[in-house]
Amino acid sequence: MGKDTIADIITSIRNADMNGKGTVRIPSTNITENIVRVLFREGFIENVRKHRESNKDFLVLTLRHRRNRKGSYKTIWNLKRISRPGLRIYSNYQRIPRILGGMGVVILSTSRGIMTDREARLERIGGEILCYIW
């Protein structure tokens, strides 16, 4: 794991999804718990549980997959990290991008916590754009 914890958890989830794995284990921090809470609320994750191993907390995520007619698993989502430590991207509530015309989700870090683009528009607050999910 590197210094950018958000990019690390996004990469872990994306890799597990692409390989058809049902679960993924990520380190538990306040920001990762909040991002996972948003993903769970939006329906991208089926289940979340905390696991403690040798004085370290982990989150075990059960990913949601769909099956096509042939029985193979398809990936449901694409994740893209937008704001990064070398280039922070901020937006006010009027300029928050709409992903796929509102079908995708933008996760923002605001002064009131981590939330989706829809919640930020309703509360009329902007913030740092963390990632896109579609």
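Quick note: numbers below take in every heavy atom, side chains included, and nothing from hydrogens, waters or symmetry partners.
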Discussion item. Applying side chain to side chain contact (heavy atoms under 4.5 Å, CB included) to L39 and V105, what does each step give before you reach the verdict?
Written reply: CA-CA 9 Å; L39 292 174; V105 177; over 6 Å; no
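Interatomic distance, CD1 of I82 versus SG of C131, reported as 8.0 Å (0.5 Å rounding). Going from atom CG of N30 over to atom CD1 of I35 covers 11.0 Å, rounded to the nearest 0.5 Å. Atom CG in L61 sits 14.5 Å away from atom NZ in K21 (nearest 0.5 Å). Rounding to the nearest 0.5 angstrom, the gap separating the CD1 atom in I99 from the CG atom in N78 is 11.0 Å. Distance CD1/I6 to CG/L79: 12.5 Å, rounded to 0.5 Å. A distance of 9.0 Å separates CG in N34 from OG in S109, rounded to the nearest 0.5 Å.
The side chain to side chain donor-acceptor pair (under 3.5 Å) search around S91 returns none, not counting sequence neighbours. For Y90, the side chain to side chain donor-acceptor pair (under 3.5 Å) test picks out no residue, with sequence neighbours left out. Under the side chain to side chain donor-acceptor pair (under 3.5 Å) criterion, S28 pairs with E33, sequence neighbours left out. Applying the side chain to side chain donor-acceptor pair (under 3.5 Å) criterion to R49, with sequence neighbours excluded, gives no partner residue. For L100, the side chain to side chain contact (heavy atoms under 4.5 Å, CB included) test picks out M103, W134, with sequence neighbours left out. Taking T110 as the reference, L108, R112, M115, I125 meet the side chain to side chain contact (heavy atoms under 4.5 Å, CB included) condition, with sequence neighbours excluded.
The pair K3-D8 fails the salt-bridge criterion, with no side-chain N (NZ, NE, NH1 or NH2) lying under 4.0 Å from an Asp/Glu carboxylate O.
In this structure, I9 is a member of the same hydrophobic cluster as V48, with clusters built from ILVMFWY side-chain heavy atoms closer than 4.5 Å.
Looking only at distances, no side-chain donor or acceptor of D17 sits under 3.5 Å from a matching main-chain atom of I13. Side chain of T23 to main chain of L63: no donor-acceptor pair is present (N/O by atom type, distance under 3.5 Å, no hydrogens or angles). Panel note: side chain R81, backbone L130; a donor-acceptor pair is recorded below 3.5 Å.
Listed here is the closest heavy atom pair of S12 and I26: CB-CG2, 4.1 Å. In terms of heavy atoms, V24 sits closest to A16 at CB-CB, 3.9 Å.
Screening residues 83-96 for salt bridge (charged side-chain N to carboxylate O under 4.0 Å, His left out) gives R88-E128 as the qualifying pairs, with residues at least two apart or on separate chains. Here salt bridge (charged side-chain N to carboxylate O under 4.0 Å, His left out) pairs that include residues 96-111, with residues two or more places apart or in two chains, number zero.
A donor-acceptor contact under 3.5 angstrom links the side chains of R124 and Y93, judged on distance only.
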Side-chain donor/acceptor pairs under 3.5 Å, residues 40-47, sequence neighbours excluded:
residue : atom : partner : partner atom : Å
R41     : NH2  : E119    : OE1          : 3.3
R41     : NH2  : E119    : OE2          : 3.1
E42     : OE1  : R118    : NH1          : 3.3

Tell me which donor-acceptor pairs under 3.5 Å the side chains of residues 53-60 have, and how far apart each pair is, sequence neighbours excluded?
residue : atom : partner : partner atom : Å
E53     : OE1  : R25     : NH1          : 3.2
E53     : OE1  : H51     : NE2          : 3.4
D57     : OD1  : R52     : NH1          : 2.8
D57     : OD2  : R52     : NH1          : 3.4

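Considering only heavy atoms from C-beta on, I31 comes within 4.5 Å of T5 through its side chain.
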